[in-house]
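Each remark here refers to the structure printed beneath this line.
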Amino acid sequence: MPKLTLDDLKKMRESSRKNLSLREGNFRGKLIVHLGTCGIAAGARGIVDTFLEQFDEMEVSDIMFATTGCAGLCSEEPMITVELGDSAPVKYGKLTPEKAIKILEEHVLGGSIVKNLALGVGSERAG
Amino acid sequence: MQDLSLHILDVVENSITAGARNIEIIVSEDAGKDLLTIEISDDGKGMDEEFVQKVLDPFITTRTERRVGLGLSLFAESARMSNGHLRIRSNKLGGTKITALFQHSHIDRRPMGDLGSTLMTLIAGNPQIDFVYRHTRDGRRFELDSKELKERLPNKSLASTEGLKLLRKELKTNLLEFLHTAWPGAHKLRDQK
């Protein structure tokens, strides 16, 4: 196999970056609801309902909605993770539809973390 | 889990974690046989025979975040409570099929719950996966194929604002209408008692 040159690496980086932005579309951020068994039992589906309704009502189109599994903090469910641009993901726990709307308005759309509801900043797999 | 629609959401989340691209959910209600069947099949990575034997044990899970896995065990327990059982067929080469049977009129049979919300959550949360949902009730039938919905919205994701509107119409209006229309077997069942 021929040796990789710096140019090759640069090309690879460009092509994967293009791929990534295509996949992500024109999203400003990502809103993830944790749907493990624990989350579902604690009411996570109601949180999803709330977000999808609000997305429709507020015509939010630049935030990607996604679901994922258990984050390992079952006692804090229902949980969500908010990822905006390049900033570290923020996790919120023990949600209710009211808290979810507050987070959507203040953090996801407004840009400032709702400190009294946040569990922490960073990923559960940090380090 | 409070109702069957939450069990469905939970078990389908397993399929998604197993990397499924196609997921089929079939609910059949048969008043004549007093039987409710929920069948979930996927083309995910599957389980080997040994794991299938163990999977209903709550202390078995593929997750590394915690050491207990309750989803399938809870679903099996719900089926058992209403005079039914849960069957798992899986192949290490790919594909799993979960079938849960319930005695429809059993007093401990959990209610169906909000099926529309479960499907909306699954499809909007995983627009890249193709879902087929089929619900039959004594010969009447509701069917939804997310691939067919995608074709109606070229260049748009089902998670986009337009996609969500279409999903809402199908799931919160059409499915609800199907579920709420009179069920011919229902009064017959009541009359027998």
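Chain naming here is simple, since letters A, B, ... match the order of the sequence lines and numbering starts at 1 in each.
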Taking all non-hydrogen atoms of both residues into account, name the closest pair between [X] and [Y] and its distance.
X	Y	result
B:K165	A:D56	NZ-OD1, 3.1 Å
A:L52	B:A124	CD1-CB, 4.0 Å
A:I40	B:E13	CD1-CG, 4.3 Å
B:D10	A:G36	OD1-C, 4.2 Å

Roughly how far apart are [X] [atom1] and [Y] [atom2], rounded to 0.5 Å?
X	Y	atom1	atom2	result
B:L122	A:T67	CG	OG1	7.5 Å
A:M64	B:S157	CE	OG	7.5 Å
B:L74	A:T37	CG	OG1	7.0 Å

Identify which part of [X] has an atom lying under 4.5 Å from any heavy atom of chain A, answering side chain, backbone, both or neither.
X	answer
B:L164	side chain
B:N14	neither
B:S5	both

Next on the checklist: Quick check on A:E57 against chain B: is it the side chain, the backbone, both or neither that has a heavy atom closer than 4.5 Å?
Outcome noted: neither
Next on the checklist: Does any backbone or side-chain atom of A:V33 lie under 4.5 Å from a heavy atom of chain B? Answer side chain, backbone, both or neither.
Outcome noted: neither
Next on the checklist: Around atom CZ of B:R152, are there more than 12 heavy atoms from other residues, nucleotides or ligands closer than 6.0 Å?
Outcome noted: yes
Item to check | Residue, of B:T118, B:N126, B:L167, that accumulates the most heavy atom pairs under 4.5 Å with chain A | outcome: B:T118
Checklist entry - Between B:T121 and A:R45, does a side chain to side chain donor-acceptor pair (under 3.5 Å) hold up when you go through it step by step? => result CA-CA 7 Å; B:T121 302; A:R45 196 185 62 186; 5.4 Å; no
